[in-house]
Amino acid sequence: MTMLKKEISSLKIFENFSPSQLIEIEPLITLNKFASGESVFNQGDPAKYICVILDGQVDIRFKPDDGELISVARLSREGVFGWSAAFGSGTYTSGAIAITDVKLLCVSGENLKKLNKDNPKTGKLMLDQLAKIVSKRLDRTNAQGRDQVAAMLEHGLKNGIKPLGG
């Protein structure tokens with residue numbers, strides 16, 4: 001088992017994936033490390049990646065046009081952030097800063113789109129798992145809420161994601 005596959009299979013988000021589905025998604029995922037205090041991305045940057053925390057803590061920060069910078073969430077292992085990439089938004093609506101040294105598994109919105117197109121069953125499972133996380137974070141844990149979030153993710157993947165670098 002490769003180191004990346006071991007990291008992927010250790011996370012709850014991938015617990016319902018079969019061994020063959022893990023093989024399908026492994027090439028789409030990158031392992032990234034950031035030092036404490038380092039910016040993962042800034043508010044307004046092009047939304048390219050959605051990330052899952054393997055180790056460490058990340059602070060999600062938002063700066064309203066007419067106010068001070070605020071911390072909206074502190075995430076640790078299994079935390080998912082960078083939703084703008086999955087929803088097909090052009091830019092990140094918040095920034096992400098490493099509070100400690102962090103290790104992240106990241107997938108680009110383009111790769112999510114490709115997975116959904118090339119491997120619909122695995123793509124649907126990934127969308128369902130992301131929808132569960134979003135709905136929990138939004139305090140909407142019922143099946144209808146998950147279905148609505150999954151529909152939004154699928155719509156974003158089909159219609160709103162810009163090419164990498166574009």
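Keep in mind the model is a prediction, meaning the values are calculated, not measured.
- Other residues, nucleotides and ligands place more than 12 heavy atoms under 6.0 Å from the NZ atom of K63.
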**Request:** Using the side chain to side chain contact (heavy atoms under 4.5 Å, CB included) rule, take L125 and K121 through it: C-alpha gap first, then chi angles, then the decisive distance, then the call.
**Result:** CA-CA 6 Å; L125 180 57; K121 186 175 178 182; over 6 Å; no
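- Between the side chain of N42 and the backbone N or O of G95, no donor-acceptor pair lies under 3.5 Å.
- The two residues P64 and E68 have their closest heavy-atom pair at CD-O, 3.4 Å.
- With hydrogens and angles ignored, the 3.5 Å screen pairs no side-chain donor or acceptor of Q57 with any backbone N or O of L75.
- Residues E26 and I8 form a side-chain contact, since some pair of their non-hydrogen atoms from C-beta on lies under 4.5 Å apart.
- For R74, the side-chain hydrogen bond (donor to acceptor under 3.5 Å, both in side chains) criterion is met by no residue, not counting sequence neighbours.
- A side-chain donor from one of D59 and S71 sits under 3.5 Å from a side-chain acceptor of the other.
- Scored by the side-chain hydrogen bond (donor to acceptor under 3.5 Å, both in side chains) test, E78 finds no partners at all (sequence neighbours excluded).
- The ring pair (Phe, Tyr, Trp, His ring centres under 6.0 Å) check on F17 picks up F14, with sequence neighbours excluded.
- At a threshold of 4.5 Å between non-hydrogen side-chain atoms, the residues Q43 and T93 do not count as touching.
- In this structure D55 satisfies the salt bridge (Lys or Arg N to Asp or Glu O under 4.0 Å) test together with K103, sequence neighbours excluded.
- Under the side-chain hydrogen bond (donor to acceptor under 3.5 Å, both in side chains) criterion, S94 pairs with no residue at all, not counting sequence neighbours.
- Using modelled atom types, one finds a donor on one side chain and an acceptor on the other under 3.5 Å when comparing E24 with T122.
- Using a 4.0 Å cut-off between charged nitrogen and carboxylate oxygen, K132 and D128 do not count as a salt-bridge pair.
- Looking only at atom types and distance, the side chain of S39 has no donor-acceptor partner in the side chain of R61 under 3.5 Å away.
- Applying the side-chain hydrogen bond (donor to acceptor under 3.5 Å, both in side chains) criterion to K12, with sequence neighbours excluded, gives no partner residue.
- A donor-acceptor distance shorter than 3.5 angstrom exists from the side chain of Y92 to the backbone of K48, with no hydrogens or angles considered.
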